[in-house]
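Along the sequence shown, residues are numbered consecutively beginning with 1.
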Amino acid sequence: MAEFNGDPRGEGRRIVVVASRFNEGITVPLAEGAVSALVGRGVAFDDVDVLWVPGAWELPVAVRRALATGRYDAVVVVGAGVRGDTPPFDFVAGEASRGIMEASRDFEVPVTMGLLTTDTMEQAEARAGGAHGNKGADAALAALEMLDLFDRAFADDGSEEDA
């Protein structure tokens, strides 16, 4: 039985971070965490682009447009939806998540989620560099891990070297 694992290695990778401006106090640290994690794992700073969109609703179309260029090995999505007292949260969060997943599936490229969906602003803050770490950085590392996993498991030569 062959078993494959990926390592979050960034050398030679080109990554785009697609970030929502809505709840900027949360999303800026998420985007910064993603970029820092990518560069810290070997992605050249000049090989990271950041696209800012108005809100979570706009994330899927920006992801699709970025992937359609063929420039990027992976996409890291960051944003913050806080439930609050209004029902639109449920629709926006669910549809944004679905659109992001569909883009990953359709383009067969890793698109990782640092899109927070929390009940309170305090929960979001805890996940944007607070007590629960930085989910933007976590999403960036997941993207690199998936790329390396794909390289190892689906290598053109069929070898299991480095597995």
Side-chain angles (χ1 to χ4, degrees), residues 4-6 8 10 13-39 41 43 47-150 153-154:
F4 302 92
N5 288 294
R13 304 293 191 188
R14 184 155 173 86
I15 311 292
V16 61
V17 177
V18 181
S20 166
R21 282 195 317 269
F22 193 75
N23 290 320
E24 257 182 326
I26 303 299
T27 62
V28 168
L30 290 172
E32 290 172 346
V35 172
S36 179
L38 293 168
V39 171
R41 290 301 182 122
V43 179
D47 287 336
V48 178
D49 292 336
V50 179
L51 301 178
W52 287 97
V53 301
W57 188 257
E58 293 79 21
L59 289 167
V61 71
V63 168
R64 291 187 77 83
R65 288 296 298 264
L67 290 173
T69 68
R71 276 186 230 151
Y72 303 106
D73 298 307
V75 181
V76 178
V77 176
V78 297
V82 178
R83 183 176 305 280
D85 296 326
T86 60
F89 167 87
D90 297 317
F91 301 108
V92 171
E95 292 304 319
S97 296
R98 181 191 333 263
I100 292 163
M101 179 274 306
E102 288 174 353
S104 184
R105 181 198 63 212
D106 292 350
F107 285 88
E108 297 183 353
V109 170
V111 178
T112 57
M113 286 284 276
L115 174 58
L116 303 180
T117 52
T118 62
D119 289 323
T120 67
M121 192 59 80
E122 292 76 22
Q123 291 171 338
E125 289 167 351
R127 289 158 178 78
H132 293 288
N134 186 303
K135 299 307 175 188
D138 292 349
L141 295 176
L144 295 178
E145 184 176 333
M146 288 297 294
L147 288 169
D148 190 56
L149 173 66
F150 287 177
F154 308 114

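- From R71, atom CZ reaches atom CG of D47 across 12.0 Å, with rounding to the nearest 0.5 Å.
- When all heavy atoms of L144 and G10 are compared, the closest pair comes out as CD2-CA, 3.9 Å.
- Of all heavy-atom pairs spanning A31 and A19, the tightest one is CB-CB, 4.3 Å.
- Residues A140 and A34 come closest through the heavy atom pair CB-O, 3.5 Å.
- Here the closest heavy-atom approach between residue V109 and residue S104 is recorded as O-OG, 2.8 Å.
- Interatomic distance, CD of E145 versus CG of N5, reported as 7.5 Å (0.5 Å rounding).
- The number of heavy-atom neighbours closer than 6.0 Å to CZ of F107, taken from other residues, nucleotides and ligands shown, is above 12.
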**Q.** Derivation of the salt bridge (Lys or Arg N to Asp or Glu O under 4.0 Å) call for D106 and R64
**A.** CA-CA 9 Å; D106 292 350; R64 291 187 77 83; 3.1 Å; yes

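- For E95, the salt bridge (charged side-chain N to carboxylate O under 4.0 Å, His left out) partners at least two apart in sequence or on another chain are R98.
- Within the 4.5 Å cutoff, side-chain heavy atoms of I26 are placed close to those of M121.
- F150 is linked by a ring pair (Phe, Tyr, Trp, His ring centres under 6.0 Å) to F154, counting only residues two or more places apart in sequence or in another chain.
- The CG atom of D73 sits 10.5 Å away from the CG atom of L67 when rounded to the nearest 0.5 Å.
- Looking at L147 and I15, their side chains come closer than 4.5 Å, going by heavy atoms from C-beta outward.
- Expressed to the nearest 0.5 Å, how far CZ of R13 lies from CG of D148 amounts to 6.5 Å.
- Among the candidates T118, T117, V82, L116, the single residue satisfying the side chain to side chain contact (heavy atoms under 4.5 Å, CB included) test with Q123 is T118.
- In terms of modelled atom types and a separation under 3.5 Å, the side chain of E58 and the main chain of G55 share a donor-acceptor contact.
- E102 has its side chain out of reach of P60: every pair of non-hydrogen atoms, C-beta onward, lies at least 4.5 Å apart.
- Here the straight-line distance linking atom CG of L30 with atom CZ of R127 works out to 11.0 Å at 0.5 Å rounding.
- Nearest heavy atom pair, residue G114 against residue A139, reads N-CB, 3.7 Å.
- Under a 3.5 Å cut-off, the side chain of T69 and the backbone N or O of A66 do form a donor-acceptor pair.
- The distance from atom OG of S36 to atom CZ of R41, rounded to the nearest 0.5 Å, is 11.0 Å.
- None of V75, L51, L38 except one satisfies the side chain to side chain contact (heavy atoms under 4.5 Å, CB included) rule with V17; the exception is L38.
- Side-chain atoms of V63 and Y72, non-hydrogen and from C-beta on, never get closer than 4.5 Å to each other.
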